[in-house]
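Quick notes on the structure that follows.
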Amino acid sequence: MHADLEKLASSGKIPADFAARLDQFSPGKYVMHQDLGVGKVTAWSLAKSKIKIDFEKGNEGKILGLKLAFNQLTPIPAGHFLIACFDDPAGCAKQATDKDTMLDFVRMVLTNNISLREGIDDVLPMQPEDLEKFLSGRVIAEADWKNWWEKARTAMRDNPSFRLPTKRGEAIVLRTATSAAEALLADYTDATSLESCVRILDQARLEVLKGEFELVAKLVKSMEEDIARGFTEPQHVLELIIIRDDVLEAVASTPEDKAAMDAALTAAGVESVTTMVDKIKSITSEELVGYIGDLSAARQNEVYAALPEAMGDSWLPYATNIFLFGGAKVTAPAAEFIIAKGAKEQLFTDLANGISRQSLSPEVLIWLCKERKGVAADVVNKNLMALGAAIMSAIERDSSEGGPNRALRLRNLLLDDKDLAPDLVAGLSELEARPFAKSLYDSSVLPDLDRNLLLANMMKVHPSLQEIALNRRGGKEKQSMFVSLRSYAARKAELDDIINVRMPKNKRDLEITRAEGDLRENGGYQDAKATQRVLLRRSEELSRLLAQADPTDFANVDCTTTGMGTQVTFSAPKGRTVVYTILGAWDSVPEENIIAYSSKLGAKLLGHAVGDKLRLPLEMGGTPVMMTIKSIAPAPKELIYPDGEIPQD
């Protein structure tokens with residue numbers, strides 16, 4: 001304790017605990033200020049309750065009152081790396097930038113990042129972002145940070161004493177491994193999930209395992225154990241099988257190495273390994289559809305290559321199911337595999353059936369559009385008229401169901417690919433092209449400007465399609481789109497969330513990932529840019545839809561006939577009762593028999609009285625049966641009003 005404080009405390013003029021608190025701001029001690037950074041107390045006057053501090057970057061001789069210092073300054077404990085950086089900035093900078101001492105400097109920082117919270121002496125873990133926060137502009141010039149970090153990261157990756165994060169939010173770890181192979185095994189063993197295991201192995205340099213047969217055997221044994229019990233992370237089990245094979249191939253590249261590796265595996269108790277064929281035999285295509293899109297295209301190909309041996313004659317239906325329902329990241333590699341195996345004709349037959357039934361997913365329709373002049377040219381050219389109808393049906397269906405915008409990419413492709421709409425009518429007569437052109441031009445999902453541009457592009461092929469626009473302008477204006485207060489509030493809340501929460505967060509993500517450098521191979525930056533495009537598209541769409549919508553509470557609804565805002569009870573065969581609720585354009589919940597008035601089924605339900613008979617399905621997707629309207633009542637208020645705003649009777 002400072003001598004001045006010892007005198008005051010021993011004489012009883014100030015309490016001992018207050019003296020200890022004051023001692024943290026005595027001359028020679030170091031402090032942190034939010035704006036001025038690190039500083040060293042050079043003098044004080046207890047009588048005047050003032051201290052003098054020299055801060056970094058030329059801010060010397062700052063005088064603060066003790067009360068203000070207590071509130072604005074954080075004491076820096078002895079031994080903290082910030083003190084070394086303050087006392088010898090030039091020496092720290094030299095050590096940090098010299099390739100021979102760079103890692104010594106990083107190690108010093110990591111081992112001396114003592115907590116700045118009072119009463120806690122723990123060394124805190126540091127993420128790469130923390131290094132930038134404390135070192136950029138203090139030890140490393142801000143302009144040089146990216147270049148310095150790339151060199152430091154490369155050096156740490158090649159040094160077994162350091163373990164770099166495999167994802168954002170993880171810390172840099174110091175370890176005691178003596179070799180890169182030993183470090184890899186330790187990292188894998190310490191991982192808490194199969195996802196972490198895969199990331200660790202993906203970032204590893206497999207050449208460091210060369211000749212390390214005993215360590216590799218231990219690694220393979222651990223991987224086999226994870227493969228056997230990885231029921232909750234099935235996609236990572238497939239990745240582990242692929243990576244394990246890569247590891248064994250890298251280590252056992254010669255007959256001699258293979259013999260040594262086999263001996264090490266036997267000694268470790270690994271008599272056999274789980275092959276991709278073995279694993280696929282235990283997985284249904286419906287299960288695989290749920291996660292195969294999480295694999296890279298190269299790893300998907302490893303899975304496809306094992307299908308014929310694993311599934312025998314059933315491999316084609318298995319692969320086709322993956323192609324049809326696997327999602328955006330699956331369609332292209334799955335189709336490439338099926339065609340390469342000589343099953344193009346059967347695949348195209350299934351696609352033609354799907355086009356005619358309008359049952360293909362937006363992702364498959366996107367693949368057909370992109371490959372319309374490539375591998376899918378045959379099936380596209382033979383089904384042009386039906387393909388246009390299927391595309392518009394998918395876009396309209398997605399919008400009316402108010403779902404997760406699965407068809408957004410399809411709609412964007414239709415707008416962004418200037419040749420797509422003309423290509424879809426180029427092989428048709430004017431009469432055949434008219435239904436697609438009319439459905440496109442009448443669509444409420446597409447903005448007016450986009451509809452006009454698309455029609456103008458198609459008019460280059462069939463000039464007479466101009467009549468569609470002329471007839472539309474000469475006819476009546478389109479009626480308002482009625483929606484419930486509940487669905488209107490939900491979409492408005494989504495727009496507010498995009499504008500006020502998700503877009504600002506996306507902007508921060510872009511700034512952070514951009515700072516990591518090498519944008520071409522920066523996965524985080526590319527993901528953030530893709531998210532930005534989705535958010536912009538969605539905000540534009542929501543703004544347009546909200547402007548077109550007419551929110552209503554369906555008050556005083558006329559229940560003499562079925563209409564918007566009514567709940568219709570039907571008597572069905574075998575004494576069953578079926579209830580349909582007719583609401584606004586955004587209120588469709590088919591599984592609960594809540595129907596939008598603007599849908600095909602909604603239009604069929606409108607304008608009927610008690611006693612009328614209609615042929616309707618007992619449940620969505622079921623076979624229609626004859627039913628009789630038993631009663632018509634106002635729709636429940638909880639389906640119309642937002643939560644918390646339901647009026648009391």
Side-chain angles (χ1 to χ4, degrees), residues 353-360 386 389-390 392-403 407 435 438-439 442-445 475-476 478-488 490 545 548-641:
N353 291 334
I355 292 171
S356 65
R357 294 196 304 265
Q358 298 185 359
S359 61
L360 295 180
M392 291 310 301
S393 174
I395 293 174
E396 296 281 357
R397 182 171 61 246
D398 184 69
S399 177
S400 66
E401 291 177 357
K438 189 174 187 304
S439 65
D442 288 341
S443 173
S444 62
V445 177
K476 295 180 179 179
K478 192 173 182 178
Q479 293 182 348
S480 298
M481 178 170 55
F482 295 102
V483 300
S484 70
L485 296 176
R486 184 182 184 86
S487 60
Y488 184 87
L545 289 174
Q548 292 177 349
D550 186 356
T552 178
D553 59 1
F554 304 108
N556 303 317
V557 63
D558 181 6
C559 292
T560 58
T561 58
T562 57
M564 281 189 296
T566 62
Q567 190 169 72
V568 189
T569 302
F570 289 87
S571 296
K574 298 181 181 181
R576 295 185 61 177
T577 298
V578 179
V579 178
Y580 279 96
T581 305
I582 309 171
L583 291 178
W586 298 344
D587 297 294
S588 177
V589 187
E591 60 271 20
E592 298 179 14
N593 281 0
I594 300 174
I595 308 301
Y597 78 93
S598 55
S599 66
K600 290 182 179 180
L601 182 56
K604 186 175 182 179
L605 286 168
L606 297 177
H608 298 283
V610 173
D612 286 356
K613 296 181 182 296
L614 292 172
R615 186 174 290 278
L616 300 169
L618 293 171
E619 56 188 21
M620 289 298 105
T623 303
V625 299
M626 188 63 71
M627 293 189 282
T628 303
I629 297 178
K630 182 178 179 182
S631 64
I632 305 172
K637 292 181 179 179
E638 57 267 22
L639 300 179
I640 299 172
Y641 292 88

Nearest 0.5 Å please: distance from the [atom1] atom of [X] over to the [atom2] atom of [Y].
{"X": "I594", "Y": "S588", "atom1": "CD1", "atom2": "OG", "result": "8.5 Å"}
{"X": "M627", "Y": "T569", "atom1": "CE", "atom2": "OG1", "result": "11.0 Å"}
{"X": "T560", "Y": "I632", "atom1": "OG1", "atom2": "CD1", "result": "7.0 Å"}
{"X": "S393", "Y": "I355", "atom1": "OG", "atom2": "CD1", "result": "12.5 Å"}

Where is the tightest heavy-atom contact between [X] and [Y], given as atom of each residue plus distance?
{"X": "S571", "Y": "K630", "result": "OG-CD, 3.5 Å"}
{"X": "V483", "Y": "S487", "result": "CB-OG, 3.7 Å"}
{"X": "A390", "Y": "Q358", "result": "CA-CG, 4.0 Å"}
{"X": "A549", "Y": "P551", "result": "O-CD, 3.6 Å"}
{"X": "M392", "Y": "S439", "result": "CG-OG, 3.6 Å"}

| Using 30° and 60° as the class limits, which term best fits the ring planes of Y488 and W586: parallel, tilted or perpendicular? |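 Ring orientation, 0 to 90° scale: parallel.
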| Please walk me through it: do V579 and N593 pass side-chain contact (heavy atoms from CB on, under 4.5 Å)? | CA-CA 7 Å; V579 178; N593 281 0; 5.9 Å; no
| Donor-acceptor pair, K604 side chain versus R615 backbone, under 3.5 Å? |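 It does hold such a pair.
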| field | Y580 side chain vs L616 backbone, donor-acceptor pair below 3.5 Å | value |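 No, Y580 side chain to L616 backbone: no donor-acceptor pair under 3.5 Å.
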A side-chain contact here means heavy atoms from C-beta on lying under 4.5 Å apart; do [X] and [Y] qualify?
{"X": "K637", "Y": "D553", "answer": "no"}
{"X": "T628", "Y": "K613", "answer": "yes"}
{"X": "I629", "Y": "T562", "answer": "yes"}
{"X": "S443", "Y": "E396", "answer": "yes"}
{"X": "L545", "Y": "M481", "answer": "yes"}
{"X": "V625", "Y": "F570", "answer": "no"}
{"X": "L639", "Y": "T581", "answer": "yes"}

| task | Quickly, which of L583, L605, D587, I582 forms a side chain to side chain contact (heavy atoms under 4.5 Å, CB included) with Y597? Name it, please. | result |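 By the side chain to side chain contact (heavy atoms under 4.5 Å, CB included) criterion, Y597 pairs with just one of L583, L605, D587, I582: I582.
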